[in-house]
Chemist: 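Below is the structure I would like to discuss, written out as structure tokens.
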Amino acid sequence: MTNLDVGATAPLPLPLVAPAASDDILDSVTALVGNTPVVELRSLARELPARVLVKLESRNPGGSSKDRVALNMVRMAEATGVLAPGATIVEASSGNTGIGLALVGRLTGHPVVVVHSAAISDEKRAVLTAYGARLVEADWDAAPSDPANPRAVADRIAAETLGAWRSAQFENFANPGAHYQTTGPEIWRQTAGAITHFVASIGTGGTVSGAGRFLKDVSAGAVKVIGANPTGSTYGGDVGGSILVDGVGTSWPRDFWPATFDHAVLDDIRTVGDETVYRTTHALAAEEALLLGPSSGLAVAVALETARTAPPGSVVLAIAPDGGINYLTKAYNSAWLHGAGLSSSALAL
Ligand code: PMP
């Protein structure tokens, strides 16, 4: 018998103990929610006195910061019993909260209805459909008192669906709570407490209020919290007009500001013109290879402006709420840009 024969017939060596559950194997896709990376803008902020960092929420499994919110809202609703097993979840969403809920709904056995605007991108619509959500279109510009208003439509569908639950992201404190519990602490840890300015674009206000409140609390008020607002949104004090940046701003009057937007946390709200928003979005792709959504361009435009006048050594962090793949037919499409009166600036679109 040769050594080779022994090798060929001997059983494979068995591990001495049964393999332990591995950190490399996740229990479910929800384990991927949160803990998103932070990247420094080395090119766009090259000549500025402050560092500019971007937190990439596109790395959440549903592709946006709203996965955190969806998961927290559903967990809280199940824990408190307002969401019964198998009950339908109804939400009015520009897309990302709907995607987060549709993803969580798949795993927890809840059908999801998403009331959306006509302006939703084809990509987001396709993602929602792939996760099995039912889509209903509403008039995004209708006043809250108007039955065509998306939240009114969502309320009506919930009332007509047995056992349905309205997740109500504009009123649900599990929305800012998700950012207070996860996004804020992650930023503090990732910057080793060096962050001086926090910038987030405002939709429901959940991100800027929740993470902003945590950063204020943990820094004894030292971190400055700045909201980024698109032209046409009343959050910045404008009279309402058309908003060209998905997922952010509101054209409702000030007295309809959402309960989830705690403006006492904010030191400032800066409004940015659409041309600058899209130029910055495209520059992020062209110079930093960061393919992000336009609300990321909005937040980064404010972060760069902040860094320009900040004391040397400041650390400015902007939230990038989602990625660019869901906007290939809008923000990265020359026909759409020209139709909206915008240029494709830094990119050869
Ligand atoms: N960007 C995008 C693309 C969004 O969908 C949202 C949420 N609607 C935001 C930014 C703003 O986040 P928040 O609702 O936490 O203010």
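Keep in mind that this is a model prediction, so the values were computed, not measured. Both ligands and their constituent atoms are indexed starting at 1 by order of listing.
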Chemist: Using modelled atom types only, decide if a donor and an acceptor are shared between the side chain of H116 and the backbone of G98 within a distance under 3.5 Å.
Modeler: no

Chemist: On a heavy-atom basis, I'd like to know which of T260, V245, T207 is closest to atom 12 (O) of ligand 1.
Modeler: T207

Chemist: May I ask you to identify the nearest protein heavy atom to atom 9 (C) of ligand 1, giving residue, atom name and distance to one decimal place in Å?
Modeler: G247 O, 3.5 Å

Chemist: Among protein heavy atoms, which sits nearest to atom 7 (C) of ligand 1, and what does the distance come to when rounded to 0.1 Å?
Modeler: K66 CE, 2.9 Å

Chemist: Please list the nearest protein heavy atom to atom 11 (C) of ligand 1 with its residue and the distance rounded to 0.1 Å.
Modeler: G203 N, 3.4 Å

Chemist: With a 4.0 Å cut-off on N to O distance, would you call R42 and E287 a salt bridge?
Modeler: no

Chemist: Salt-bridged, R270 to E305, with N to O below 4.0 Å?
Modeler: yes

Chemist: Distance under 4.0 Å to a non-hydrogen atom of S94: what atoms of ligand 1 satisfy this?
Modeler: 5 (O), 8 (N)

Chemist: Find all atoms of ligand 1 within a distance of less than 4.0 Å from any non-hydrogen atom belonging to G206, and give their numbers and elements.
Modeler: 13 (P), 15 (O), 16 (O)

Chemist: For P321, is at least one N or O under 3.5 Å away from an N or O on ligand 1?
Modeler: no

Chemist: If we only count N/O pairs under 3.5 Å, is D322 in contact with ligand 1?
Modeler: no

Chemist: Between Y235 and F261, is the ring centroid distance below 6.0 Å?
Modeler: yes

Chemist: Would you mind checking which non-hydrogen protein atom is closest to atom 2 (C) of ligand 1, with the distance to 0.1 Å?
Modeler: S295 OG, 3.4 Å

Chemist: Do R68 and E57 sit within salt-bridge range, that is, some charged N less than 4.0 Å from a carboxylate O?
Modeler: yes

Chemist: Answer side chain, backbone, both or neither: which part of Y327 comes under 4.0 Å from ligand 1, heavy atoms only.
Modeler: side chain

Chemist: Would you give the length of the straight line joining atom CD1 of I226 to atom CD1 of I202, rounded to the nearest 0.5 angstrom?
Modeler: 11.0 Å

Chemist: Pull out every atom of ligand 1 sitting under 4.0 Å from any heavy atom of T204, numbered as shown with elements.
Modeler: 13 (P), 14 (O), 15 (O), 16 (O)

Chemist: Considering only non-hydrogen protein atoms, determine which one is nearest to atom 5 (O) of ligand 1 and report residue, atom name and distance to 0.1 Å.
Modeler: N96 ND2, 3.1 Å

Chemist: Assess the pair W188 and F198: is the distance between their ring centroids shorter than 6.0 Å?
Modeler: no

Chemist: Is there a donor-acceptor contact under 3.5 Å from the side chain of Q169 to the main chain of T97?
Modeler: no

Chemist: Below 4.0 Å, non-hydrogen atoms only: which portion of S201 touches ligand 1? Side chain, backbone, both or neither.
Modeler: both

Chemist: Counting N and O atoms only, with roles assigned by atom type, does the side chain of R51 sit under 3.5 Å from a partner on the main chain of V316, one being a donor and the other an acceptor?
Modeler: no

Chemist: Considering only heavy atoms of G205, which atoms of ligand 1 have at least one such atom less than 4.0 Å away?
Modeler: 13 (P), 14 (O), 16 (O)

Chemist: Tell me the contacting part of D246 for ligand 1: side chain, backbone, both, or neither, using a 4.0 Å heavy-atom threshold, strictly below.
Modeler: backbone

Chemist: Mind checking whether V248 contacts ligand 1 via backbone (N, CA, C, O), side chain (CB onward), both or neither, at a 4.0 Å heavy-atom cut-off?
Modeler: side chain

Chemist: Within ligand 1, which atoms have a heavy atom of I202 less than 4.0 Å away?
Modeler: 16 (O)

Chemist: Does T108 use its side chain to pair, donor to acceptor, with the backbone of V104 at less than 3.5 Å?
Modeler: yes

Chemist: Is the shortest side-chain N to carboxylate O distance from R213 to D262 below 4.0 Å?
Modeler: yes

